[in-house]
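First the structure, in the form of structure tokens, and then the observations on it.
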Amino acid sequence: MTSRPPSVDSLARSLAHIGLPHPLLVDAARQAIAAGDPQLAEQIANDIAQCLLVPVINATGVIAHTNLGRSPVAHTQTPRAQNLEFDLNTGQRGSRQAGIGQLVARACGAESAMVVNNNAAAVMLVLAALAHDRDVAVSRGESVEIGGGFRVPEVMEQSGARLLDVGTTNRTRLADYRKAIDRKTTDVALVLKVHPSNYRVEGFVEETSVDQLATLGVTVVSDIGSGLLDAACPWLNDGPPSWLNGEPAAKQTLAAGADLVTFSGDKLMGGPQSGFIVGRADLVQACAAHPLARALRPGGLVLASLHNTLLAYLARTAQKDIPFWRMATTSVKELRDRAQAIVQHTGVGQVVDCESLPGAGSAPGITIDSVGLVIDGDHLVALRNYQPPIIARVKDRATMIDLRTVDPTDDAVLIEALKKIH
Ligand SMILES: *Cc1c(COP(=O)(O)O)cnc(C)c1O
């Protein structure tokens with residue numbers, strides 16, 4: 001005699017310990033029963049739970065890790081209304097862009113600034129607002145793909161602007177832009193310079209700098225990507241770290257003559273996901289007035305977090321208050337002390353020198369000296385299944401835990417997790 005399959009409801013109730021709302025457990029039970037194996041229900045429910053967004057410990061050494069939400073941000077907010085679009089001076093309707101725009105503009109020496117949901121949106125909005133049905137001159141060496149899905153020719157097409165290829169893949173000179181602009185058949189609205197954030201071309205290469213482009217007499221837009229506000233890093237005690245060398249910064253790009261600069265808020269800026277358009281007030285205004293601006297605007301949660309981020313820059317407390325910069329500038333000695341303490345407490349692993357990355361495609365090919373733990377064998381699954389999940393790397397059949405990207409307050413969690421894997 002074969003036993004009768006359990007009812008969906010009793011099977012779902014037997015999964016209550018997974019902690020999902022009952023309807024989701026019912027879905028898992030149904031799927032398992034339909035597949036003819038009620039035993040599968042627990043695995044299916046666990047898979048559903050694993051898809052939920054939870055805080056994780058980033059032990060990869062990649063600070064702004066694209067798969068882990070880029071820059072870590074601290075943000076709490078009371079459940080109160082917010083003067084999001086209300087002017088406290090006049091008591092009238094205000095703009096959500098006013099406060100953040102003034103802070104960002106001040107931080108990078110721009111006349112004006114606005115914010116959208118990410119940098120892809122910023123570039124799209126600039127092109128749609130300033131170059132619809134017109135030509136945008138881009139160097140063939142900068143017609144790039146950055147991250148998943150940001151491809152210059154495709155963004156251009158979606159914006160309604162026409163891509164005008166200039167120069168060659170490895171060398172594009174000022175004269176190439178001049179020729180393209182002067183051609184009778186072209187109608188160049190702007191020159192777009194795109195920083196090849198996540199790769200580097202070496203050898204017989206030549207690009208045209210922003211200060212040269214500024215002599216062309218057309219609007220120059222520079223997509224710097226990374227969101228470094230000022231190359232001098234006045235918010236860091238010891239000034240700019242050597243690993244930042246060559247990374248374009250908003251302030252200096254504007255000073256070199258760019259009319260507009262676009263960048264992400266969650267890379268080197270260390271804020272929540274967002275994108276900025278900074279520069280000439282009339283051009284920023286044209287972007288803000290375009291119908292797409294409404295579709296691309298961030299909400300109050302993101303704006304509140306961005307306010308805090310920018311206030312930390314202006315107050316020069318960013319090194320301590322913005323997790324990205326705190327992690328990026330933690331001394332190797334401090335990391336080594338923490339690693340030694342963890343090994344001492346757990347008896348697991350060894351202290352090793354390793355190399356961290358700023359991440360999110362910033363500063364390609366550049367590493368930051370770091371210290372972590374190496375543990376024989378591949379323990380990625382056990383660490384990932386720990387509560388909270390710990391994300392590490394495997395190298396040469398050993399598990400690497402880079403402490404630069406682990407908040408020191410999580411060392412105690414690491415210690416408990418490591419004790420368990422042995
Ligand atoms: C990262 C990057 C983008 C895309 O920015 P998102 O904020 O991810 O939309 C675009 N351009 C450059 C140069 C970048 O580095």
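Remember, it's 1-based here, ligands and their atoms both numbered in the order they're listed.
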Requested in this report: May I ask you to check whether D259 and T219 show a side-chain donor-acceptor distance below 3.5 Å?
Outcome: no
Query raised in the report: Under 30°, 30 to 60°, or over 60°: which ring-plane class applies to W243 and F324, parallel, tilted or perpendicular?
Result: perpendicular
Query raised in the report: Which atoms from ligand 1 have a heavy atom of D223 less than 4.0 Å away?
Result: 10 (C), 11 (N), 12 (C), 13 (C)
Report summary line: Atoms of ligand 1 under 4.0 Å from any heavy atom of S264, numbered from 1 in the order shown, are 1 (C), 5 (O), 6 (P), 7 (O)
Query raised in the report: So, does N118 use its side chain to make a donor-acceptor pair with the main chain of A121 at under 3.5 Å?
Result: yes
Query raised in the report: Between D407 and R326, is there a side-chain N and carboxylate O pair less than 4.0 Å apart?
Result: yes
Query - Nearest non-hydrogen protein atom, atom 15 (O) of ligand 1 - result: S197 OG, 2.4 Å
**Report entry** Residues D402 and S370: side-chain donor-acceptor under 3.5 angstrom
**Finding:** yes
**Report entry** Polar contact flag, side-chain donor to acceptor under 3.5 angstrom, D47-Q43
**Finding:** yes
Query - E247 side-chain N/O to S226 backbone N/O, donor-acceptor pair under 3.5 Å - result: no
**Report entry** Part of Q273 within contact of ligand 1 (heavy atoms, under 4.0 Å)
**Finding:** neither
Report task. For atom 14 (C) of ligand 1, state which one of K267, K193, M124, R151 supplies the nearest heavy atom. Result -> K267
Report task. With heavy atoms of G225 as the reference, note each atom of ligand 1 found under 4.0 Å away. Result -> 12 (C), 13 (C), 14 (C), 15 (O)
**Report entry** Atom indices of ligand 1 within 4.0 angstrom of A120 heavy atoms, with elements
**Finding:** 5 (O), 6 (P), 9 (O)
Query raised in the report: Considering all heavy atoms of both residues, which atom of V343 and which atom of V348 are nearest to each other, and what is their separation?
Result: CG2-O, 3.8 Å
Query raised in the report: At a 4.0 Å cut-off, with the gap strictly under it, does some heavy atom of R70 reach an atom of ligand 1?
Result: yes
Requested in this report: Answer side chain, backbone, both or neither: which part of N119 comes under 4.0 Å from ligand 1, heavy atoms only.
Outcome: both
Query raised in the report: Counting from 1, what ligand 1 atoms have a heavy atom of I146 closer than 4.0 Å?
Result: 1 (C), 2 (C), 11 (N), 12 (C), 13 (C), 14 (C), 15 (O)
Query raised in the report: Hey, does H195 come in under 3.5 Å of ligand 1, counting only N/O atoms on both sides?
Result: no
